[in-house]
Engineer: 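My questions all concern the structure below.
Positions are given from 1, in the same order as the sequence printed here. Because the structure is predicted, anything quoted here is derived from the model rather than measured.
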Amino acid sequence: RTHLVHHSDTAVDVTTAQRHHPLETAITTIIALILVFALGFSVYALGIYLLLASLSSLYTHTNMDLPESIDRPLRRWLVTPSVHAVHHSAYQPETDSNYGSILSIWDRLFGTYTDPASVRISRFGLAYFRQRREAALGPVLLQPFEYDPSGGHALPATRSNDETVAHRPALSQAWRQAIYLWAAGTLLALLAMWPTLVDMARLWRGAEAYQYAWLVVPMLVYVVGWHHRDSILSLSPVPGYAGMVVVLAAITLWLAAYVIDIRLGQHIALVIILQGIALSSLGWATYRRLLPIMLMLFLLVPCGDLLQVPLRNLTVKWVEWFAVVLGLPHSIEGYIIYVGDHRYVVIDACSGLSFVTLAGFLGYSFGLLLFRSLKKVLAMAALGAALGVMTNAVRIWLIIGLDWLRGSQMNLEAHSDIQLLVLLASLAGLLLIASRLEQEIWPEVTDNGAATPALPGARFAPLAAGIMTVATIGLTQSYAPGFQTRSNQGAMPLQQMAVLYPEVQRRGDPGPGIYALEIPHSETIDMVLVATWDGTVRIDDQLMTPEDTPGWRHTDTDLYRNCAAGHCIELVHKTWRQRGELDTRHSLHAYFVGDRVTDSKLAFRLASGWRRLWGQPMVSGLIGFEVRGPLPVELNLAGPFSELKARLNQISPGYSGASSKTQSLSAEVREVQFNTQALLF
């Protein structure tokens, strides 16, 4: 409706390019900014596009006639004045074609291209703007709000075969009631789970692989509110109680994930609660038909990290296979690859996860636009993800190949340029495939719920589900944040550790309630302690990253078993290489909860959460070792590990039932008391 003003010009010329309603400008600017933010285009790319688009708009709206010998080859790829003139035709089917602003290939791909050589434009612009009073500034600005496709300003047929506007089904009372109660229940759930939603949004903003998530809700609104609107309105929602069971199960999942601090579980629970509220509002018969659309909400969950390691390993294989096929000399050391004299470090950003997530989202979106079968929609998503994997392979091959041909390695900025080019090529391929598929027509269904009347009070099930979410999750976060049991002596004074280890110093910024300390052990080995006494579960192993100089990159991870005096521990072993250098660092760590030691982060969180839940928190965290240079063949880590853990228990007796007086004693005083008692005995 706002774009009507652009078609108010009945004599198209260069001034038509600047004839737009202010509201249209605002809407398109907001949409463009969302796309730019979600897809991660640079300022330079956006500036170049705006310059080209502005020049092209002025050019394509001119009333010049290019010679056919020049215009025909140009319009195969570019939008020329003759191509865009068809879009301004007063004849509706011609208006609904040639949408492109710079390139004509998009209209060719999507079947909306009309060859200007095959039409004869009799008039430009919309018919009712031909009246002088309708072309004045005031009426033109009001047109988007006054336009009525069923009468009044409806477009008259200019040709005998002109199509009439199809009648759209009205919003029934059942749909109005379902939408109102669904909105109320959803609002309550989101208010109760606001911290979880903010945590998800923080990941969308901070990780390139999840920036597509900002487009999920707008795409869902478009599919439901416009693309499949007629088919959806032909259904009859019948509220039911089944959704409350789903919400109750999701609340249980959220509480379990909250106790052991697994954010992924909390994110999934949020989406399941939204599904349950929708199921309560629509009833199973209607919800089942909309299941492919509703499942799109799971794309909001940033769970791609589960693919990070296999995709990173696959990246190493892409390089290896490329070198083998071309006969290039190469060697592989974990995530470090040597191709001739060139050295490449495969970090997480090289895995191509952002390609896979974005292409998978677009594939799922195209599937929703084309199909109604969940299997076909998932197949389109899988096709998009597969194209994302191949996009990363092509990017890797281009980088390695160009470096080999040039005899030198390109910088990271050049890597980004190649990444943008192959991404655009991949998305163009996905668009091409989607444009060649035949769209399925949703069957019209009327009164599908008439035979199944709603149970008494079932219409309030969405609202009850929202209230139930507030009463459990909301109150849990308000009155039992983290189920943490804090004591006055829960914090560990640095002075207490200094008594045992005089050269101890703080390490990094681990956050409130957590203490990260660095303890020299030998000339090449430092001990690292990351611990908490207040029940906090989340211990960040990123604190094991070397800190003395920047530029360290994680290149390999494996398990390391170390034994001393018959006592063995399993440690997580990470190898680090400095960018552009040959220096090597090794970090080894294991988690502990009281006397229990594990190399599994999940087991650590489960044990910590279980003790917190039952009011039995104790000192927990990780103990690690940072090794500068090569890893020694003979390395005794089990002994120092056990010794440090035992001393931690000595200086934190608060969780073993000791009195507050005993808790306040420093480690040095306790040692004197122990020696005195031994002497008297």
Side-chain angles (χ1 to χ4, degrees), residues 261 484 486-487 489-548 552 560 562 564 567 569-574 576 585-601 603-605 607-608 611-612 617-628 635-656 663 666-668 670-671:
D261 200 12
Q484 295 178 4
R486 300 178 181 271
S487 64
Q489 300 301 323
M492 180 191 66
L494 182 62
Q495 293 82 358
Q496 288 184 317
M497 289 300 296
V499 171
L500 303 174
Y501 301 97
E503 298 181 3
V504 66
Q505 56 184 343
R506 296 191 183 276
R507 182 184 180 96
D509 184 17
I514 303 176
Y515 292 83
L517 305 176
E518 186 174 302
I519 306 168
H521 179 66
S522 67
E523 292 183 359
T524 59
I525 301 177
D526 290 333
M527 297 177 65
V528 177
L529 168 66
V530 183
T532 176
W533 273 258
D534 62 4
T536 303
V537 174
R538 182 164 295 277
I539 297 294
D540 192 358
D541 58 7
Q542 293 298 319
L543 289 166
M544 292 301 301
T545 304
E547 291 187 330
D548 53 351
W552 289 99
Y560 184 90
N562 189 258
H567 176 63
I569 57 173
E570 300 285 347
L571 299 159
V572 178
H573 173 211
K574 293 185 177 182
W576 307 83
R585 289 284 177 89
H586 298 271
S587 66
L588 306 100
H589 70 271
Y591 303 93
F592 67 92
V593 179
D595 293 329
R596 180 174 179 178
V597 179
T598 177
D599 58 359
S600 170
K601 184 183 295 187
F604 163 71
R605 290 183 178 176
S608 298
R611 291 187 177 275
R612 259 195 325 175
M618 58 179 58
V619 60
S620 61
L622 70 82
I623 295 176
F625 301 86
E626 184 178 285
V627 182
R628 295 180 293 276
L635 191 60
N636 177 17
L637 301 180
F641 187 100
S642 301
E643 180 183 357
L644 177 57
K645 188 165 67 67
R647 291 186 173 183
L648 288 174
N649 290 330
Q650 290 177 6
I651 65 173
S652 58
Y655 296 117
S656 59
Q663 293 177 23
S666 67
E668 186 174 6
R670 285 194 212 96
E671 186 175 1

Engineer: Please determine which of Leu588, Ile623, Asn636 meets the side chain to side chain contact (heavy atoms under 4.5 Å, CB included) test together with Phe641.
Structural biologist: Ile623

Engineer: Go through the steps for Ile525 and Leu635 under the test side-chain contact (heavy atoms from CB on, under 4.5 Å), then give the verdict.
Structural biologist: CA-CA 10 Å; Ile525 301 177; Leu635 191 60; 3.5 Å; yes

Engineer: Nearest heavy-atom pair of Trp576 and Pro546: which atoms, and what distance?
Structural biologist: CD2-CD, 3.7 Å

Engineer: To check you understand the geometry: which heavy-atom pair defines the closest contact between Asp526 and Pro520, and what is its length?
Structural biologist: OD1-CA, 3.5 Å

Engineer: Looking at Arg507 and Leu529, would you say the former's side chain and the latter's main chain have a donor-acceptor pair under 3.5 Å?
Structural biologist: no

Engineer: Would you say Val572 and Lys601 make side-chain contact, with heavy atoms under 4.5 Å?
Structural biologist: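 Result no, sub-4.5 Å side-chain heavy-atom pair not found.
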
Engineer: What distance do Tyr591 atom OH and Asp599 atom CG have between them, rounded to the nearest 0.5 Å?
Structural biologist: 9.0 Å

Engineer: Could you tell me the separation between the OG1 atom of Thr524 and the NE2 atom of His586, rounded to the nearest 0.5 Å?
Structural biologist: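 One gets 10.5 Å once the value is rounded to the nearest 0.5 Å.
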
Engineer: With rounding to the nearest 0.5 Å, note down the distance linking CD in Glu626 to OG1 in Thr545.
Structural biologist: 9.0 Å

Engineer: Between His521 and Phe625, how do the two ring planes meet: parallel, tilted or perpendicular, split at 30° and 60°?
Structural biologist: perpendicular

Engineer: With distance as the sole test, does Asn562 use its side chain to make a donor-acceptor pair with the main-chain N or O of Ala638 at under 3.5 Å?
Structural biologist: yes

Engineer: So, for Ala603 and Ser600, which heavy atoms are closest and what is the spacing to 0.1 Å?
Structural biologist: N-OG, 3.1 Å

Engineer: If I take atom CD from residue Gln542 and atom OG from residue Ser587, how far apart are they, to the nearest 0.5 angstrom?
Structural biologist: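 Here the interatomic distance stands at 9.5 Å.
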
Engineer: Does some side-chain heavy atom of Met544 sit less than 4.5 Å from a side-chain heavy atom of Val528?
Structural biologist: yes

Engineer: Minimum heavy-atom separation for Ser522 to Arg628, with atom names?
Structural biologist: O-NH2, 4.0 Å

Engineer: I want to check something: taking the side chain as every heavy atom from C-beta on, are Arg506 and Leu517 in contact at a cut-off of under 4.5 Å?
Structural biologist: yes

